[in-house]
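Both backbone and side-chain heavy atoms feed into the values below; hydrogens, waters and symmetry mates do not.
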Amino acid sequence: MKQIGTFFIGLVFGLGLIISQMTNPDKVLNFLTFGKAWDPSLILVMAGAMVVMMLAWWRVSKQTKPMFGQHFDLTEFKNIDSRLIIGAALFGLGWGISGICPGPGVVQLASGNWDFILFFIAVLAGMYLPRLKSEK
């Protein structure tokens, strides 16, 4: 049942990204770039996502355990250190340059477009390399 729920939620999330055109890097870059080509339509997408998340958090806050688990696994990480700041800056820089963030990038993997395949390889490298360094 958990796998079916996970698949359904992923499917709805992916369809939402496609319908809102968040999977189109040009649309995202036109939103992130102010000027003649500025496209503010993604503000509505983000506002809608925030409303959905607020309702979901409100609903979850009323539950004692997750629907498909025994307990909530919330992070206890509270430190803001240089690794977090550098990682967040690199994430934002990569998103701003390419117009692709991880969710839409994963959805676009199904297209077979090399831009998204290379993007995903870069994401995996970005996740793996810091671990490799911290193990030394």
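Checked by atom type and distance alone, the side chain of S61 pairs as donor or acceptor with a backbone atom of W58 at under 3.5 Å. One N or O on the side chain of N24 and one on the backbone of D26 form a donor-acceptor pair closer than 3.5 Å.
Separating the CD atom in Q21 from the CG atom in D39 is a distance of 8.0 Å, to the nearest 0.5 Å. The CD1 atom of I4 lies 12.0 Å from the CD1 atom of I9; values are rounded to the nearest 0.5 Å. Rounded to the nearest 0.5 angstrom, F68 CZ and M1 CE are separated by 5.0 Å. Between the CG atom in L90 and the CD1 atom in I97 there is a gap of 9.5 Å [rounded to 0.5 Å].
Here the closest non-hydrogen pair linking C101 and F91 is CB-CZ, 4.5 Å. A pairwise comparison of heavy atoms in R83 and P130 identifies NH2-CB, 4.4 Å as the closest pair. When all heavy atoms are compared, the tightest approach of F31 to I43 is CE1-CG1, 3.4 Å. Between S98 and G94, the shortest heavy-atom contact is OG-O, 2.8 Å.
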Side chain to side chain donor-acceptor pair (under 3.5 Å), that's the test. Do N113 and S111 meet it? Break it down for me. CA-CA 5 Å; N113 183 323; S111 72; 5.0 Å; no

Begin with the C-alpha distance, continue with both residues' side-chain angles, and end with the deciding distance and a verdict on side chain to side chain contact (heavy atoms under 4.5 Å, CB included) for L32 and W38. CA-CA 7 Å; L32 296 174; W38 185 57; over 6 Å; no

Let's go through V45 and M22 carefully: what are the C-alpha distance in whole Å and the side-chain angles of both, what is the deciding distance for side chain to side chain contact (heavy atoms under 4.5 Å, CB included) to 0.1 Å, and is it a yes or a no? CA-CA 9 Å; V45 173; M22 286 286 292; 4.2 Å; yes

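Proximity of I18 to V107: side-chain heavy atoms (C-beta onward) are separated by under 4.5 Å at one or more points. Considering only heavy atoms from C-beta on, I100 stays 4.5 Å or farther from V28 through its side chain.
Cluster annotation: L42 and W95 are assigned to the same hydrophobic cluster (Ile/Leu/Val/Met/Phe/Trp/Tyr, side-chain heavy-atom contacts under 4.5 Å, transitive). Taking hydrophobic clusters as Ile, Leu, Val, Met, Phe, Trp and Tyr residues chained together by side-chain heavy-atom distances below 4.5 Å, F120 does not share a cluster with L17. Both L124 and I117 are members of a single hydrophobic cluster when ILVMFWY side chains are connected at heavy-atom separations under 4.5 Å. Under the 4.5 Å side-chain heavy-atom criterion for Ile, Leu, Val, Met, Phe, Trp and Tyr, F13 and F116 are members of distinct hydrophobic clusters. V106 and W114 end up in the same hydrophobic cluster when Ile, Leu, Val, Met, Phe, Trp and Tyr side chains are linked at under 4.5 Å.
Counted within 6.0 Å of CE on M53, heavy atoms from surrounding residues, nucleotides or ligands total more than 12; the atom is thus considered enclosed. Summarising the local packing, CZ of F7 is surrounded by 12 or fewer heavy atoms from other residues, nucleotides or ligands at distances under 6.0 Å. Within a 6.0 Å sphere centred on CD1 of I80, heavy atoms belonging to other residues, nucleotides or ligands number 12 at most. Within 6.0 Å of CE in M46 there are more than 12 heavy atoms belonging to other residues, nucleotides or ligands. Counting heavy-atom neighbours within 6.0 Å of Y128 OH, excluding the residue itself, gives a total of 12 or less. For Q70, the CD atom is loosely surrounded, since the number of other residues' heavy atoms within 6.0 Å does not exceed 12.
Between the side chains of S20 and K27, no donor N or O sits under 3.5 Å from an acceptor N or O.
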